[in-house]
Amino acid sequence: QAQLVESGGGLVQPGGSLRLSCAASGSARDFTVIGWFRQVPGKEREGVAGITRHDSPPYYADSVKGRFTIVRDNTKRTVCLQMNALEPEDTAIYYCAARIRPYGKTQWSQEGFYDYWGQGTQVTVSS
């Protein structure tokens, strides 16, 4: 059974940092791409960052470039999202998603590209 478990969310002041982790197990361990998404009530889910299993450069949404870094540990089957210089606008539920199927062109920011999703972790940026 495939499973993705996010952790590391919480409350942080503007300008602070958080590190989210996504642990993959079962079929999800053989991911080809892991993506991080976020969603606020009333809005569509937004792709934040993505990373492949291999050495391709990671992908970032323009809104987080220079502040967020996505890294993977293939041995531990974990992908982390380091979030620095957080802003109130970053407040959302953050989800990780995994694709296990082969692909031609990466559509990392599209929800339908992924096969499995985690339950999400809340990130709140507030003073």
Side-chain angles (χ1 to χ4, degrees):
Q1 182 176 359
Q3 189 174 19
L4 295 171
V5 178
E6 303 97 335
S7 61
L11 173 65
V12 64
Q13 292 186 344
S17 298
L18 281 175
R19 186 176 180 91
L20 305 183
S21 293
C22 174
S25 61
S27 300
R29 296 180 64 193
D30 297 323
F31 63 84
T32 53
V33 182
I34 290 278
W36 279 98
F37 288 72
R38 64 187 181 187
Q39 189 171 26
V40 297
K43 292 189 176 181
E44 294 185 355
R45 199 169 292 189
E46 172 192 19
V48 174
I51 193 166
T52 70
R53 189 176 190 83
H54 306 293
D55 294 330
S56 302
Y59 307 92
Y60 297 99
D62 289 342
S63 57
V64 305
K65 280 181 181 177
R67 301 188 299 122
F68 290 11
T69 303
I70 187 170
V71 295
R72 71 174 187 276
D73 183 331
N74 287 343
T75 302
K76 297 181 180 179
R77 302 294 196 270
T78 300
V79 173
C80 294
L81 184 68
Q82 177 66 42
M83 305 187 296
N84 299 327
L86 283 162
E87 304 167 352
E89 292 74 22
D90 296 316
T91 296
I93 298 175
Y94 283 71
Y95 300 88
C96 67
R99 179 180 175 100
I100 63 171
R101 294 169 288 152
Y103 60 93
K105 181 179 179 180
T106 303
Q107 299 179 358
W108 72 271
S109 63
Q110 303 301 309
E111 291 185 61
F113 181 72
Y114 296 92
D115 302 303
Y116 301 108
W117 289 82
Q119 294 300 307
T121 185
Q122 177 71 47
V123 171
T124 303
V125 184
S126 175
S127 56

side-chain contact (heavy atoms from CB on, under 4.5 Å) assessment of Leu20 paired with Glu6: CA-CA 7 Å; Leu20 305 183; Glu6 303 97 335; over 6 Å; no
Indicate every side-chain donor-acceptor pair of residues 120-127 with a distance under 3.5 Å to a residue at least two apart or in another chain.
| residue | atom | partner | partner atom | Å |
| --- | --- | --- | --- | --- |
| Thr121 | OG1 | Gly9 | N | 3.3 |
| Gln122 | NE2 | Ala92 | O | 3.4 |
| Gln122 | NE2 | Thr124 | OG1 | 3.4 |

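- Annotation: side chain of Ile51 is not in contact with side chain of Trp36 (no heavy-atom distance under 4.5 Å).
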Test log, rule side-chain contact (heavy atoms from CB on, under 4.5 Å), inputs Thr91 and Val40: CA-CA 7 Å; Thr91 296; Val40 297; 5.7 Å; no
Working for disulfide (SG to SG under 2.5 Å), residues Cys22 and Cys96: CA-CA 6 Å; Cys22 174; Cys96 67; 2.1 Å; yes
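- Counting only residues at least two apart or on different chains, the salt bridge (charged side-chain N to carboxylate O under 4.0 Å, His left out) pairs with a member in residues 56-66 are Asp62-Lys65.
- Legend: residues meeting side-chain contact (heavy atoms from CB on, under 4.5 Å) with Arg67, ordered by chain and number and at least two apart, are Val64, Ala85, Glu87, Asp90.
- Side-chain contact check for Ser63 versus Glu46: some heavy-atom pair is nearer than 4.5 Å.
- By the rule that hydrophobic residues join a cluster once side-chain heavy atoms approach within less than 4.5 Å of another member, Tyr60 and Leu18 end up as members of one cluster.
- Of the candidates Val33, Thr106, Val48, Tyr59 forms a side chain to side chain contact (heavy atoms under 4.5 Å, CB included) with just one, namely Thr106.
- Rounded to the nearest 0.5 angstrom, Arg29 CZ and Tyr116 OH are separated by 13.5 Å.
- If you take OG on Ser56 and CH2 on Trp108, they are separated by 14.0 Å, rounding to the nearest 0.5 Å.
- Contact record, Ala24 with Ala28: CB-O, 3.6 Å, taken as the closest heavy-atom pair.
- Residue Ile93 is grouped with residue Phe37 when hydrophobic side chains (ILVMFWY) are merged at heavy-atom distances under 4.5 angstrom, including chains of intermediate members.
- Contacts of Arg72 classified as salt bridge (charged side-chain N to carboxylate O under 4.0 Å, His left out), with partners at least two apart in sequence or in another chain: Asp55.
- Residues passing the side-chain contact (heavy atoms from CB on, under 4.5 Å) test with Gln82 are Ser17, Arg19, Thr69, Asn84, sequence neighbours excluded.
- Taking the side chain as every heavy atom from C-beta outward, Phe31 and Leu4 never approach each other to under 4.5 Å.
- From Gln39, atom CD reaches atom CD of Glu111 across 7.0 Å, with rounding to the nearest 0.5 Å.
- No donor-acceptor distance shorter than 3.5 angstrom exists from the side chain of Gln119 to the backbone of Val5, with no hydrogens or angles considered.
- Within the model, atoms OG of Ser27 and CD1 of Ile100 stand 5.5 Å from one another, a figure rounded to the nearest 0.5 Å.
- Between Thr78 and Cys80 the shortest heavy-atom distance is CG2-SG, 4.0 Å.
- Among residue pairs with one or both ends in residues 68-96, none qualify as ring-ring contact (aromatic ring centres under 6.0 Å, His included); sequence neighbours excluded.
- For the atom pair OG1 of Thr32 and CZ of Arg99, the computed distance is 6.0 Å after rounding to the nearest 0.5 Å.
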